[in-house]
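Below: one structure, written as structure tokens.
So you know, we letter chains A, B, ... as the sequences are listed, proteins then strands, and number each from 1. What's counted below: heavy atoms across the whole structure, side chains too, no hydrogens, waters or symmetry copies.
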2 protein chains.
Amino acid sequence: MSTARTTDLTSKEHLRLWLRLLGTTRRVEAVLRERLRTEFDTTLPRFDVLAALSRHPGGLKMNELSSQLKVSNGNVTGIISRLVEDGWVERIAIAEDRRATRIKLTETGKAQFNRMAAAHECWVDELFSNLSADAAHHMNELLAHLPLASGEPQ
Amino acid sequence: MSTARTTDLTSKEHLRLWLRLLGTTRRVEAVLRERLRTEFDTTLPRFDVLAALSRHPGGLKMNELSSQLKVSNGNVTGIISRLVEDGWVERIAIAEDRRATRIKLTETGKAQFNRMAAAHECWVDELFSNLSADAAHHMNELLAHLPLASGEPQ
DNA sequence: CGAATTTATTTCAAGCTTAAAACTTCATGC
DNA sequence: GCATGAAGTTTTAAGCTTGAAATAAATTCG
């Protein structure tokens, strides 16, 4: 309320960029969701969870999962419960802390994820195919410098 | 399906960019959702619907709304129903076609949206504040050239 | 030790989201 | 007229998502 942060022109340019960013992201997500559904009979949130677990072979606690994925705790509970039912993931008791459990991919889960991850990379590459490696890298750098954008904090 | 579209290096760069894009978008959305909730007691989907209606003073049919917002028909039905209950929006019968209705902002809805839109632009400007107008414009151009990124079909 | 607080997770209610099925109305062709 | 199909919308079932409340276990500290 007190002060505008930038000129009005810059502000409009920021808004335009945000709407473009949002639109692009939604379109890509829609394609990925559709393909995950038709080709692997699964969903994007499930894929995201599997991807996070895949990056951590030792497993992750529920709160680690939800902070990595930037979603709420309760949300992850439901997704994990369904993945456990499907046998793609397992909850492993932690001896030193009976409140928490460690979530790990099962062998089935690993195999499924590997198949999906290969296809996923291929789809993304196709969707961004008319962006050169340099342009992609450049855009990545710009986004990385937004204070809120970096993936690193945690 | 037959061939990789790019080199493996470019493919990795595309994937990196996509993950960055997704992360940035989610962070911005999280901030906007939180602020809409605490300061205006509403949600992002509702705001999106109001914004679309605001751009079309003559009103929009349900299928126009859902195609503009890139969400399913059934989805819009629910959001509109709740907005109608709140008196922010009204369904107006179309004489020539009894299947469809025209959705319009009420005066209350317009007033509410105007307050929110001003704050929204301010928040976005703040979130992107360390991006110059030129950089924002440049990134916008790059995104606009993705075949899937513009407002066009596929 | 025992009370108070913090940490890890689940449950809950409400709303969002999708795809598919159902329903109603309109348009077309016979 | 009337069947047939298309168009516009709503309903449904299942899953995703959130914030808040509830539960339970660990930690802190008087």
Can you tell whether the side chains of B:Arg26 and B:Glu29 come within less than 4.0 Å, N to carboxylate O? no
Could you run down nucleotides 16-25 of chain D 5' to 3' and tag each one B, S or - for protein heavy-atom contact under 4.0 Å? SSBSS----B
Between B:Thr43 and B:Arg82, a side-chain donor and acceptor under 3.5 Å: no
If you measure only the distance, is there a donor-acceptor pair under 3.5 Å linking the side chains of B:Arg33 and B:Thr42?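 There is no such pair between these side chains.
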Could you state the CD-P distance from A:Glu96 to D:dT27, rounded to the nearest angstrom? 10 Å
Take atom NZ of A:Lys61 and atom C1' of D:dA26, then tell me their distance rounded to the nearest Å. 11 Å
Heavy-atom closest contact (A:Thr10 atom, B:Ala133 atom, distance):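 Shortest heavy-atom contact: OG1-CB, 3.7 Å.
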Testing the basics here: between A:Trp18 and B:Thr25, what is the closest heavy-atom pair and its distance to 0.1 Å?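 In this case the closest contact between A:Trp18 and B:Thr25 is CH2-O, 3.7 Å.
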Please determine whether salt bridge (charged side-chain N to carboxylate O under 4.0 Å, His left out) holds for the pair A:Lys12 and B:Asp125, giving the CA-CA distance in whole Å, both sets of side-chain angles, and the decisive distance to 0.1 Å. CA-CA 8 Å; A:Lys12 292 294 179 197; B:Asp125 188 38; over 6 Å; no
Give me the first and last nucleotide of DNA chain C, going 5' to 3', that has any atom under 4.0 Å from a heavy atom of chain A. C:dT7 to C:dA20
Judged by atom type as modelled, is there a donor-acceptor pair below 3.5 Å linking the side chain of B:Ser54 to the main-chain atoms of B:Leu50?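 No, the answer is negative, given that no donor and acceptor are paired below the 3.5 Å cut-off.
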Over all strands shown, is B:Arg102 touching base, sugar-phosphate only, or nothing at heavy-atom distances under 4.0 angstrom?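 If one applies the 4.0 Å heavy-atom cut-off, B:Arg102 turns out to touch nothing in the nucleic acid.
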With A:Phe47 as reference, evaluate A:Phe113, A:Trp88, A:Phe40 under the ring pair (Phe, Tyr, Trp, His ring centres under 6.0 Å) test and give the passing residue.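 Of all the options given, the one that passes is A:Phe113.
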